[in-house]
Amino acid sequence: MGEQHAKDPHTPDLGLRFGDITTEAVDAIVNAANSSLLGGDGVDGAIHQAAGPELVEYCRGLGWCPTGEAKITPGFNLAATWVIHTVGPVWRGGTSNEAELLASCYRESLARADEVDAEHIAFPAISTGIFGYPIHAAAHVAVTTVRSTPTRVRAVRFVAFDQETWDVYADILGGTRRH
Ligand code: ADP
């Protein structure tokens with residue numbers, strides 16, 4: 001909109017995709033990691049499997065990652081150039097700062113993307129699997145945080161791995177172009 005310089009912070013275009021984030025050919029995919037950064041179940045396991053064993057070797061050198069923070073690695077065998085590993089909160093009923101920690105995951109991931117000039121990035125529904133965060137509340141945090149965070153990322157894709165997640169994001173994103 002208007003004459004915006006490419007390097008000025010702005011709000012990214014938001015999109016929605018169905019399927020496996022490991023096949024997304026974007027500059028960076030975000031991993032819903034655990035604090036060890038050494039791999040796990042769910043999307044974390046899928047990303048490590050697709051990236052190959054070099055990823056865990058690299059992660060070993062990074063140490064652990066606190067909840068709400070994010071660290072970046074190469075994508076190795078992935079189509080994506082980078083993987084941004086962020087640690088979502090475990091859902092404990094909603095009174096343990098979960099929403100702020102989850103929002104921090106999205107903000108910190110965008111900050112890591114900016115540091116490497118990644119323009120197209122893809123997020124899974126952080127914390128909504130094994131960590132138990134209710135999907136409606138988590139998707140609301142995801143969308144509102146990305147919409148309100150100044151970044152040089154141009155396009156964000158939310159990747160839904162199941163129908164319920166898709167439906168919730170589609171509802172929140174409303175008229176947003178889905179791609
Ligand atoms: P967490 O521990 O943060 O809850 P999970 O990996 O268990 O992380 O789940 C987070 C979300 O990622 C869930 O919606 C889950 O269905 C989804 N997911 C699992 N595998 C993939 C994948 N290969 N691509 C995209 N999303 C995935």
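In listed order, ligands and their atoms are each counted from 1.
Protein heavy atom nearest atom 13 (C) of ligand 1, with residue, atom name and distance: T128 OG1, 3.4 Å. Considering only non-hydrogen protein atoms, atom 26 (N) of ligand 1 sits nearest to F161 CB, 3.4 Å. Here the heavy atom of the protein found nearest to atom 6 (O) of ligand 1 is V43 N, 2.8 Å. Among protein heavy atoms, the minimum distance from atom 24 (N) of ligand 1 is reached at I21 N, 2.9 Å.
D13 contributes no side-chain N or O that, together with a main-chain N or O of A155, makes up a donor-acceptor pair within less than 3.5 Å. Side-chain atoms of T23 come within 3.5 Å of backbone atoms of D20 as a donor-acceptor pair (strictly under, hydrogens ignored). In terms of modelled atom types and a separation under 3.5 Å, the side chain of E98 and the main chain of T95 share a donor-acceptor contact. A donor-acceptor contact shorter than 3.5 Å is absent between the side chain of T22 and the backbone of I47.
Salt-bridge formation is detected for the pair R107/E100: a Lys NZ or Arg NE/NH1/NH2 atom is positioned less than 4.0 Å from an Asp or Glu carboxylate oxygen. A salt bridge is defined here as a Lys NZ or Arg NE, NH1 or NH2 lying under 4.0 Å from an Asp or Glu carboxylate O, and R17 with E24 meets this definition.
In this model, a donor atom of one side chain and an acceptor atom of the other lie less than 3.5 Å apart for D162 and T165. D114 and T151 form a side-chain donor-acceptor contact under 3.5 Å, judged by distance and modelled atom types alone.
With ligand atoms numbered from 1 in the order given, ligand 1 contributes 23 (N) to contacts under 4.0 Å with heavy atoms of A46. Set against the non-hydrogen atoms of D20, the atoms of ligand 1 under 4.0 Å away are 22 (C), 23 (N), 24 (N). The D162 neighbourhood of ligand 1 comprises atoms 16 (O), with distances under 4.0 Å to a heavy atom of that residue. Close approach to A32 involves these atoms of ligand 1, each under 4.0 Å from a residue heavy atom: 3 (O), 8 (O). Close approach of ligand 1 to G42 (heavy-atom distance below 4.0 Å) involves ligand atoms 6 (O), 20 (N).
Heavy atoms of N34 found under 4.0 angstrom from ligand 1: none, in either backbone or side chain.
Considering every non-hydrogen atom in both L37 and C59, the closest pair reads O-CB, 3.1 Å.
The heavy atom nearest to atom 10 (C) of ligand 1, out of those in G19, G45, A125, G132, is found in A125.
Residue contact annotation: S127 has a non-hydrogen atom under 4.0 Å from ligand 1.
Between F158 and Y169, the angle of the ring planes stays under 30°, which puts this pair in the parallel group of the 30/60° scheme.
Looking at I130 next to ligand 1, an N or O pair under 3.5 Å apart turns up. Remark: ligand 1 and G129 share an N or O pair separated by less than 3.5 Å (distance only, no angle test). The distance criterion of under 3.5 Å between nitrogen or oxygen atoms is met by F131 with respect to ligand 1.
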